[in-house]
Amino acid sequence: KFFQHYGRWEMRAKSPTTASNSSGVWPAFWLRDISAPGEIDIFEAWGEPQSAQQSDVYRPGSFVSTVYQDTMVAGGGKRSSWGTPRGATRVSDDYHIYAFEWDAVSMRFYYDNNLFF
């Protein structure tokens with residue numbers, strides 16, 4: 001087992017979330033801190049929407065990065081999300097690099113080595 005509070009995490013991947021061929025697919029790359037409640041989604045994508053109501057939220061080819069605080073506390077907690085950066089191609093079109101850097105003063109999200117938040 002491995003634990004690291006601060007550092008850099010990186011993944012190179014091609015998402016299987018293509019339109020008309022990914023119903024029920026939900027790939028993700030995330031961290032969970034064992035010293036405090038919460039979760040950090042570096043990359044989270046969705047496949048084809050299961051219903052018309054989901055089509056506004058779940059868009060094949062896009063992704064989101066999210067920081068959740070106090071997710072293990074009854075009633076949930078705060079969250080901040082950032083969607084696919086402007087100009088980004090569909091995550092299912094090619095391999096992309098998703099990275100996250102965390103230090104004592106900041107959290108930084110990268111898409112193809114470009115800082116987007």
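Between Trp9 and Ile40 there is no side-chain heavy-atom pair separated by less than 4.5 Å. The closest side-chain heavy-atom distance from Asp41 to Tyr68 is below 4.5 Å.
In this structure, CZ in Arg12 is found 14.0 Å from CZ in Phe29, a value given to the nearest 0.5 Å. In this structure, Phe63 CZ and Ile42 CD1 are separated by 11.0 Å, a value rounded to the nearest 0.5 Å. Atom CD of Glu39 sits about 5.5 Å away from atom CZ of Arg32, to the nearest 0.5 Å. Rounding to the nearest 0.5 Å places CG of Leu115 at 10.5 Å from CZ of Phe109.
More than 12 heavy atoms of other residues, nucleotides or ligands shown are found within 6.0 angstrom of OH on Tyr6.
Note on Tyr98: it does not cluster hydrophobically with Trp30, by side-chain heavy-atom contacts below 4.5 Å among ILVMFWY residues. A chain of hydrophobic side-chain contacts below 4.5 Å, direct or via other Ile, Leu, Val, Met, Phe, Trp or Tyr residues, connects Leu31 to Phe117.
The two residues Asn113 and Arg8 have their closest heavy-atom pair at OD1-NH2, 3.8 Å. When all heavy atoms of Phe43 and Met11 are compared, the closest pair comes out as CD2-CE, 3.9 Å. In plain terms, the two heavy atoms of Ala45 and Ser15 that are nearest each other are CB-OG, 4.1 Å. Heavy atoms only, all atoms of each residue included: Lys14 and Asp94 are closest at CG-O, 3.6 Å.
Taking the six-membered ring wherever Trp is involved, the centroid distance between the rings of Tyr110 and Phe100 does not fall below 6.0 Å.
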